[in-house]
Asks: 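Before I ask anything, let me first share the structure, which is written out below as structure tokens.
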Amino acid sequence: MPTSLPDADALAHSAHLQALIREQIAAAGGAIPFSRFMELALYAPGLGYYSAGATKFGRAGDFVTAPELGSLFAQCIAEAVAPVLRQVGPTATFLEIGGGSGVFAEHAIKQLMAIDAMPARYAVLEPSADLRERQREHLRRKLTPLVFECVEWLDGPLSEPWNGVLFANEVIDALPTPRFSLRDGEVFEEHVALTGDGAFVRTDRPADPLLAAAVRHVERERGEPFPDDYRSEVLPQLPYWLQAVAGGLETGAMLFVDYGYPRREYYSAQRRDGTLRAFHRHRVSNDVFALPGLQDITASVDFTALAEAGTGAGFDFAGYCSQASLLIGNGLEQCLAGQESRAADEAGRYALRQQAKQLTLPGAMGERFQAMGFSRGVEFGVAFLAGDLSFRL
């Protein structure tokens with residue numbers, strides 16, 4: 001359960017979402033796949049965690065993402081993709097998937113302008129109407145009117161041909177994920193049912209052919225079958241999602257940053273119950289059924305599966321490294337020095353150094369978060385030259 005008791009309005013909000021989920025369970029004959037439960041808990045219109053109005057990001061929310069720490073992360077990402085934008089030319093588009101609070105866009109745009117690599121369009125694909133409005137208001141305050149006019153919000157992927165860069169930070173971990181388990185060597189899919197008093201409870205049903213095939217593929221790649229009672233997540237829809245968000249990208253690059261592992265580490269014997277977890281007020285919980293709509297639900301990323309999805313969609317694999325290596329290899333030291341030189345006092349310089357440590361130290365975000373890139377018709381591999389980890393895939 002979340003550690004701090006929500007107020008009456010929040011509890012009422014969660015009760016409405018729980019009622020909706022119970023209706024869906026009843027309509028489905030008594031159980032829905034866990035992936036459907038996660039989709040409703042996070043994205044049900046007006047009720048899901050990302051669709052409703054509570055603060056998600058930063059110290060006042062439930063978790064802190066790299067862009068919320070300050071401007072260093074966005075500046076380094078801008079430095080990493082600037083060569084691609086220059087190769088594409090003056091008609092380039094920068095497409096951000098899941099815009100968070102709008103802070104990343106603010107700092108990335110300012111850095112791209114400073115290094116003369118600003119694309120013609122900065123587009124944000126944000127499914128949450130609430131977050132979209134927050135992003136719009138933030139950028140309206142932080143950018144000049146002329147620059148703000150370059151930003152647009154999309155209702156869906158760019159289906160028409162386009163060229164430029166796609167960027168997604170902590171997006172794949174929030175895709176509704178199927179959960180599987182093994183019993184007598186057979187694959188089962190985790191579902192959510194109801195107890196007699198209406199509480200959510202886990203139950204397993206035989207997996208459909210798509211999920212079963214995805215699990216068998218992982219087993220072949222691991223070189224051994226999963227033992228009985230092993231439970232984890234797998235995203236058979238990842239290739240379709242990636243192709244959908246890339247849309248008509250003809251020339252350019254894609255960059256994904258998220259927490260996760262290569263496949264052999266993801267499906268290790270030590271992770272017999274997978275990586276699924278919830279976040280509420282900066283605390284991690286294993287109770288993903290607690291107060292739907294009021295806590296984030298997330299699973300780590302199988303970066304081997306992401307590499308397969310990207311190359312399967314016709315992109316060249318550009319590189320894979322830790323977040324620390326990505327930032328250090330793309331100007332972190334210079335960005336930090338520049339900001340320190342402009343800081344008003346020692347307290348400001350100390351805060352900047354702490355930001356850099358949080359982004360790069362192994363015990364913080366530096367190694368837990370990793371980056372993977374793909375390209376088509378451009379050179380992007382140089383962004384991953386510091387600390388390449390592709391041999392682990």
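On a predicted model such as this, the values are computed, not experimentally measured, just so you know.
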Asks: With respect to D204, which candidate in E189, R183, H191 satisfies the side-chain contact (heavy atoms from CB on, under 4.5 Å) definition?
Replies: R183
Asks: Please say whether more than 12 non-hydrogen atoms of neighbouring residues, nucleotides or ligands are located less than 6.0 Å from CD in E137.
Replies: yes
Asks: Is any side-chain N of the basic residue among R353 and E346 closer than 4.0 Å to the acidic one's carboxylate O?
Replies: yes
Asks: In terms of hydrophobic clustering (I, L, V, M, F, W, Y; side-chain heavy atoms under 4.5 Å; direct or indirect links), are L211 and L175 co-clustered?
Replies: no
Asks: Run the ring-centre check on F167 versus F256 and record whether the distance is less than 6.0 Å.
Replies: no
Asks: May I ask you to check whether over 12 heavy atoms, not counting those of K110, lie within 6.0 Å of atom NZ?
Replies: yes
Asks: Checking side-chain polar atoms at under 3.5 Å, does E233 have a donor or acceptor matched by the opposite partner on T275?
Replies: yes
Asks: Say you draw a straight line from CZ of R272 to CD of Q270; how long is it, rounded to the nearest 0.5 Å?
Replies: 10.0 Å
Asks: Is the Lys NZ or Arg CZ of R376 less than 6.0 Å from the centre of F315's six-membered ring, within 45° of the axis?
Replies: yes
Asks: Check whether the ring centres of F200 and F37 lie less than 6.0 Å apart, and answer yes or no.
Replies: yes
Asks: Can you tell me how far apart OH (Y267) and CD (E224) are? Round to the nearest 0.5 Å.
Replies: 14.0 Å
Asks: I'd like to check the side-chain hydrogen bond (donor to acceptor under 3.5 Å, both in side chains) partners of E379; sequence neighbours left out, ordered by chain and number.
Replies: none
Asks: Taking the side chain as everything from C-beta on, heavy atoms only, tell me whether L95 gets closer than 4.5 Å to V165.
Replies: no
Asks: Is there a donor-acceptor pair under 3.5 Å between the side chain of S14 and the backbone N or O of L294?
Replies: no
Asks: Looking at D116, I'd like to know if its CG atom is crowded, meaning that more than 12 non-hydrogen atoms belonging to other residues, nucleotides or ligands lie closer than 6.0 Å.
Replies: no
Asks: Is there a continuous path of hydrophobic side-chain contacts, each under 4.5 Å between heavy atoms, that joins V171 to V234?
Replies: no
Asks: Kindly give the heavy-atom pair with the smallest separation between A371 and L255, and that separation in Å.
Replies: CB-CD1, 4.3 Å
Asks: Do the side chain of H280 and the main chain of S285 share a donor and acceptor less than 3.5 angstrom apart?
Replies: no
Asks: Just by distance, do the side chain of T298 and the backbone of D173 share a donor-acceptor pair under 3.5 Å?
Replies: yes
Asks: In the single-linkage hydrophobic clustering (I, L, V, M, F, W, Y; side-chain heavy atoms under 4.5 Å), do L166 and L85 co-cluster?
Replies: no
Asks: Once rounded to the nearest 0.5 Å, what's the spacing between atom CG of L291 and atom OH of Y49?
Replies: 12.5 Å
Asks: Would you mind telling me which of R132, Q135, R136 makes a side-chain hydrogen bond (donor to acceptor under 3.5 Å, both in side chains) with E126?
Replies: Q135
Asks: Could you please spell out the steps behind the salt bridge (charged side-chain N to carboxylate O under 4.0 Å, His left out) verdict for E219 and R222?
Replies: CA-CA 5 Å; E219 287 182 320; R222 292 175 74 241; 6.0 Å; no
Asks: If you define the side chain from C-beta out and look only at heavy atoms, does anything of S300 sit under 4.5 Å from R277?
Replies: yes
Asks: Side-chain heavy atoms nearer than 4.5 Å, only ILVMFWY residues, links allowed to pass through others: does that put V151 and L154 together?
Replies: no
Asks: Looking only at heavy atoms, what is the nearest atom pair of A313 and L242, with distance?
Replies: CB-CD2, 3.9 Å
Asks: Could you tell me whether R263 and E308 have a side-chain N and a carboxylate O separated by less than 4.0 Å?
Replies: yes
Asks: Whether the side chain of T360 engages the backbone of A356 through a donor-acceptor N/O pair (distance < 3.5 Å, no angle test) should be reported.
Replies: yes
Asks: Let me check something: do W241 and W162 share a hydrophobic cluster, defined by ILVMFWY side-chain heavy atoms less than 4.5 Å apart, either directly or through other members?
Replies: yes
Asks: Kindly indicate whether the side chain of I115, heavy atoms from C-beta on, has any atom under 4.5 Å from the side chain of R86.
Replies: yes
Asks: Give, for atom CG of L139 and atom OG of S101, the distance between the pair rounded to the nearest 0.5 Å.
Replies: 9.0 Å
Asks: In terms of ring plane angle, is the pair Y266 and Y261 parallel, tilted or perpendicular, where the classes change at 30° and 60°?
Replies: perpendicular
Asks: Ring-plane angle category for Y259 and F369, please: parallel below 30°, perpendicular beyond 60°, tilted otherwise.
Replies: perpendicular
Asks: Could R392 and F303 be counted as a cation-pi pair, given that NZ or CZ must be under 6.0 Å from the ring centre and within 45° of the axis?
Replies: no
Asks: Do the side chains of D302 and R264 get close enough for a salt bridge, i.e. N-O under 4.0 angstrom?
Replies: no
Asks: Keeping Y230 on the side-chain end and R271 on the backbone end, is there a donor-acceptor pair under 3.5 Å?
Replies: yes
Asks: May I ask you to decide whether R349 forms a salt bridge with E340, counting only side-chain N to carboxylate O separations under 4.0 Å?
Replies: no
Asks: Output yes when a side-chain donor or acceptor of D287 lies under 3.5 Å from a complementary backbone atom of F289, and no otherwise.
Replies: yes
Asks: Identify the two heavy atoms, one from S232 and one from G274, that lie closest to each other, and give their separation to 0.1 Å.
Replies: OG-CA, 3.5 Å
Asks: Would you check if the side chain of D296 reaches a backbone N or O of F279 as a donor-acceptor pair within less than 3.5 Å?
Replies: no
Asks: May I ask you to establish whether R216 and F226 are in a cation-pi arrangement, using a distance under 6.0 Å from NZ or CZ to the six-membered ring centre and at most 45° from the ring axis?
Replies: no
